[in-house]
S.K.: 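The structure is given below, and queries will be raised subsequently.
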Amino acid sequence: MSETEQELARDLGFLEAYTIGLGTMIGAGIFVLPSIAAAQAGPASMLSFLGGGVVSLLAALSLSELATGMPRAGGSYYYVNRALGPFFGSIVGWGMWAGLTFASAFYMIGFGQYLLPGLGQYVGFLAGWGQIGITVAALVMAAILTGVNYYGVKETGALQNVIVLTLVGLIIAFLGLGVISGPTIQEFNPNGWPAVAATIGTVYVTFIGFEVIATSAEEIKNPSRNLPLAMIAAVVTPTLMYVGVMFVSTGTLSIDAIAASQIPVADVATEFMGSLGALAMIIGAVLATVSSANASILSAARVNFAMGRDRILVNWLNEVHDRFRTPYRAITATGIITLVLIAVGVGIGTLAEVASFMYLVTYALVHVAVVVLRRADPAAYDPAFRIPNVLYPVVPAVGLVACLAVLVQMSVDVVPLVGSVGGVSVQLPVTPTPVGTIGTLLVAFGVVWYAVYARDRASSVSLVGEAIAPEPIAVDGTDRYRVVVPVANPQTERDLLRMAAASAHAHDDENAEVVAVNVIEVPQQTSLSQDLEFEEERVERQRELLESARDIAAGLDIGLQTRAIVGRNAGSVVLDVIEETDADHVLLGWAGTRSRRDHVLGSTIDPVIGRAPCDATLVKLGDVGERGGGDVMVLAGEGPHAPVAARRAAEFVASADGDASLTLFNVQEPGEDDQGRGPMERGEAIIETLADRAGIEYMNYEPRIEVADDIESTVIEAGKSYDTICVGATRSGAVSQALFGSLPETVGEQLDRTVVMARGPEESPISVREAVARWLDG
């Protein structure tokens, strides 16, 4: 890669991407929409959900190709803007933002309904608040979610996963017990097929979640497989669940009862799950609506960023907060609009339908974008996943027609409209619907915005964008010895790189290489690209670090590869780099103190040391003595990682410019062993065996043996006479208290010399969960 380019970490596997989409799609829709859908189309509304799933599946296939061909933040907006230009980009960008804010308001009203009328049946003070109470509850929760995303609370990602798994379990239980109870469908299609078709538009809001996966395309591992698979799974799973829920609901309660219910799924559950089951569904609905709204607010901010990057929207809106590292203005604007929609009393059905309308417009243009890019075949478009030839151009053509058909059904009623203009009677064959009118006005706003603001600012070039996240350069061959070194501190960078170079030089000098990695961590609420766009100071500091690394490497006469990466978690990013480069060794710096909270040695160090499939070395640079050289002492023991520490020590001594010495130090308790050997004889045997195991018998080293009862104190006292102390990991298996073992880490904490802790490749068996996740990630 070039000296100035940054990479975005691909840290989302199939499960994470699938959960992101499912978290939105399995939200309020499945709990609130049954009453609205049943009122419009009766039991046949289950076909409306099925139709929505088919329309979404077609869009998911087109989006998968676009997302793997141009993996950038912004999702559908980005693809349409590049393929069709900023005119349509303005329509889609504003449409997506409006759709997500209307959807967020819809979810929050659903939250209020299940919180007050729902939980009010079980918690007295929540009962009897009426519609005003529902609105207030929706406003409060919307404000809280806006604040959570504003402050960038990291725990929301993990909480989202727990909520999604809980909801899936609840719905499966609901469907299982509901089918066993024997639902009976009465008149299947009381309102006719036009009502079924129109209801697709009403319920489509619940299918927009897979778009969130496309907006995260740049962060997904193995996107050619995981992205389309996650999208398809995120569409098929809720579609089957929605059809099942409508079948059970309309077969258990009368249509009038469902249509009148504010908590339809809970009321249905009461019939065959009892009050306890209904309570579980109410709690699930509360969690689902919160989860969905949170995901929508986050996604809206990312669409804003993409529009600002292309100068369609004022970039001021996307500034990243100095402290919280979140796009606080975009999040605040989204939250305010959501609050306004709730406060003015827009009906929950209208909120759902407008959100659906805007996304159907978006997906219609997405299908067009696929065809345009296929025919133009620009150099910048090289999708890892392509719609199979047997399905192209059928998928985008049918998808476009399907989106337009639903939009027409939503926009007009087949009832003549009679009016007068200037005293002249006018009759139209159809009557525009409120939803069609609002949707058309929002599209018109996008057109006007382009004409007034964006036309003179936005680039008219459709396929050439800012190369914010280029693909990393492929490494040439796997026989090169590589040492990965995360660098973050200019004060320690030179010493760490010098020690890494010493390890590399011990192998084939022509092929040895050091990989210097710097990671800018970004909270979940901020797009990775967005942080690059607005964090000029941090990006410049990153560049300076890696430029300094190149200067240092030139002086060390070692090959160097630099990786500037923006990601969610530095430890995970470093592990990915180790895997991508097929590294043999990773060397990290350590401050010499233990973490007091969630981690042992540090949030970056713990996952790397615990999981790296190669040699791992942790270095605490000393305040006195020569760092990583001078007089070097190795703690000679019988543990499996002692030879690794001995090899590190030998590498440092061999590369030292001046005088350097190597001592193999062993501590023995007094007394003879079972074989009648005294402590000195035992110590000599251990040192000789270690030298042979480490392959350093050719080195000149001094054996040193101490006899003492307190091994730890003796080691620490002896270490004060040396410049560098090398210790092998003493732990075996998963030990929660330590990563290297208590002795190495105590030595590192208490000595003011340079302390090197080393272990060999992590060979512990992976768990069943890790194995399944690895298999799913391909």
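Residues take their numbers from the sequence shown, with the count starting at 1.
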S.K.: What's the separation between atom CZ in Phe102 and atom CD1 in Ile337, rounded to the nearest 0.5 Å?
M.R.: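 Going from the CZ atom of Phe102 to the CD1 atom of Ile337 covers 9.0 Å.
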S.K.: Which distance, rounded to the nearest 0.5 Å, do you find between the CG of Leu145 and the CE of Met108?
M.R.: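 The CE atom of Met108 is 5.0 Å from CG of Leu145, to the nearest 0.5 Å.
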S.K.: Would you check if Ser48 and Thr202 make a side-chain contact, meaning some heavy-atom pair closer than 4.5 Å?
M.R.: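 Ser48 does not reach Thr202 side chain to side chain.
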S.K.: Output, in order, the C-alpha distance, side-chain angles, deciding distance and verdict of side-chain contact (heavy atoms from CB on, under 4.5 Å) for Phe49 and Leu33.
M.R.: CA-CA 10 Å; Phe49 279 100; Leu33 286 175; 4.1 Å; yes
S.K.: Looking only at non-hydrogen atoms, find the nearest pair between Ala333 and Trp97 and report the distance.
M.R.: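 Shortest heavy-atom separation between Ala333 and Trp97 comes out as CB-CZ2, 4.0 Å.
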S.K.: Give the minimum heavy-atom separation between Met231 and Ala60, together with the two atoms involved.
M.R.: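 For Met231 versus Ala60, the nearest heavy atoms are SD-O, 3.5 Å.
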S.K.: Passes side-chain contact (heavy atoms from CB on, under 4.5 Å), Thr135 versus Ile342? Steps please.
M.R.: CA-CA 7 Å; Thr135 301; Ile342 296 170; 4.0 Å; yes
S.K.: Distance check, rounded to the nearest 0.5 Å: Ile109 atom CD1 versus Leu341 atom CG?
M.R.: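 Ile109 atom CD1 to Leu341 atom CG measures 9.5 Å (nearest 0.5 Å).
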S.K.: Taking the side chain as every heavy atom from C-beta outward, state whether Thr206 and Ile30 have any pair of such atoms under 4.5 Å apart.
M.R.: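 With C-beta onward as the side chain, the pair stays apart.
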S.K.: Hey, does Thr146 have a side-chain heavy atom less than 4.5 Å from the side chain of Thr334?
M.R.: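 Side chain of Thr334 against side chain of Thr146, heavy atoms only: no contact under 4.5 Å found.
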S.K.: Any chance you could lay out the side-chain contact (heavy atoms from CB on, under 4.5 Å) test for Asn81 and Phe88, step after step, and finish with the verdict?
M.R.: CA-CA 6 Å; Asn81 191 58; Phe88 290 101; over 6 Å; no
S.K.: So how far is it from Leu339 CG to Ser104 OG, rounded to the nearest 0.5 Å?
M.R.: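 Answer for the CG-OG pair, Leu339 versus Ser104, is 10.0 Å.
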S.K.: To check you understand the geometry: which heavy-atom pair defines the closest contact between Met96 and Ser76, and what is its length?
M.R.: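 In terms of heavy atoms, the two residues are closest at SD-CB, 3.9 Å.
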S.K.: A side-chain contact here means heavy atoms from C-beta on lying under 4.5 Å apart; do Leu442 and Val354 qualify?
M.R.: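 Contact flag for Leu442/Val354 side chains = yes.
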S.K.: If you apply the rule ring pair (Phe, Tyr, Trp, His ring centres under 6.0 Å), what do you find for Tyr107 with Phe111, and how did you get there?
M.R.: CA-CA 6 Å; Tyr107 299 139; Phe111 164 82; over 10 Å; no
S.K.: Compare all side-chain heavy atoms of Leu227 with those of Phe385 and state whether any distance is below 4.5 angstrom.
M.R.: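 SC-SC contact between Leu227 and Phe385 ruled out.
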S.K.: Any side-chain to backbone donor/acceptor pair from Thr338 onto Ala105? Under 3.5 Å, distance only.
M.R.: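 Flag not set: sc Thr338 to bb Ala105 has no pair under 3.5 Å.
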S.K.: Where do Ala355 and Ala103 come nearest, in terms of heavy atoms and distance?
M.R.: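 Heavy atoms only, the tightest pair is CB-N, 3.9 Å.
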S.K.: Could you tell me if Tyr77 and Thr362 have a donor-acceptor pair between their side chains, going purely by distance under 3.5 Å?
M.R.: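 Short answer, no.
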S.K.: Could you report the tightest heavy-atom contact between Ala364 and Leu400, atom names first, then the distance?
M.R.: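 Result for this residue pair: O-CD1, 3.5 Å.
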S.K.: Indicate yes or no: at least one non-hydrogen side-chain atom of Tyr204 is less than 4.5 angstrom from one of Ser56.
M.R.: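 Of all side-chain heavy-atom pairs linking Ser56 with Tyr204, at least one is under 4.5 Å.
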S.K.: Looking at side-chain heavy atoms only, is the closest gap between Leu407 and Phe357 below 4.5 Å?
M.R.: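 Sidechains of Phe357 and Leu407: in contact.
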S.K.: Check salt bridge (Lys or Arg N to Asp or Glu O under 4.0 Å) between Glu353 and all other residues, then give those that pass, not counting sequence neighbours.
M.R.: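 Checked Glu353 against salt bridge (Lys or Arg N to Asp or Glu O under 4.0 Å); zero matches.
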S.K.: Just do the side-chain contact (heavy atoms from CB on, under 4.5 Å) check on Phe106 and Val32 with the steps written out, would you?
M.R.: CA-CA 9 Å; Phe106 165 69; Val32 178; 4.2 Å; yes
S.K.: Closest heavy-atom contact between Ile387 and Pro396?
M.R.: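 Looks like CD1-CD, 4.2 Å.
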S.K.: List for me each residue that meets side chain to side chain contact (heavy atoms under 4.5 Å, CB included) alongside Ser90, sequence neighbours excluded, and say none if there are none.
M.R.: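 Listed in chain order: Trp94, Ile312, Trp449, Tyr450.
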S.K.: Kindly compute the distance separating CD1 (Ile297) from CG (Asn149), expressed to the nearest 0.5 Å.
M.R.: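 If we round to the nearest 0.5 Å, Ile297:CD1 and Asn149:CG are 5.5 Å apart.
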S.K.: For Met410, does its backbone N or O pair with a side-chain atom of Thr433 as donor and acceptor, under 3.5 Å?
M.R.: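 Present.
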S.K.: Which one of Leu404, Leu61, Leu58, Leu63 satisfies the side chain to side chain contact (heavy atoms under 4.5 Å, CB included) criterion with His367?
M.R.: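 Answer after filtering Leu404, Leu61, Leu58, Leu63: Leu58.
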S.K.: What distance separates Cys403 SG from Leu365 CG, expressed to the nearest 0.5 Å?
M.R.: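 Rounded to the nearest 0.5 Å, the SG-CG separation comes out at 9.0 Å.
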S.K.: Considering only residues two or more places apart or on different chains, which pairs with a residue in residues 391-411 satisfy side chain to side chain donor-acceptor pair (under 3.5 Å)?
M.R.: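 Pairs touching residues 391-411 that pass the test: none.
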S.K.: Distance alone, cut at 3.5 Å: any donor-acceptor contact between the side chains of Tyr18 and Thr237?
M.R.: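 The criterion, which ignores hydrogens and geometry beyond distance, is satisfied for Thr237 and Tyr18.
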S.K.: In the structure I gave you, are the side-chain heavy atoms of Ile144 and Val290 within less than 4.5 Å of one another anywhere?
M.R.: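 SC-SC contact between Ile144 and Val290 ruled out.
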S.K.: Checking Ser356 side chain against Gly201 main chain: does a donor-acceptor pair fall under 3.5 Å?
M.R.: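 Side chain of Ser356 to backbone of Gly201, a donor-acceptor pair under 3.5 Å: yes, one is there.
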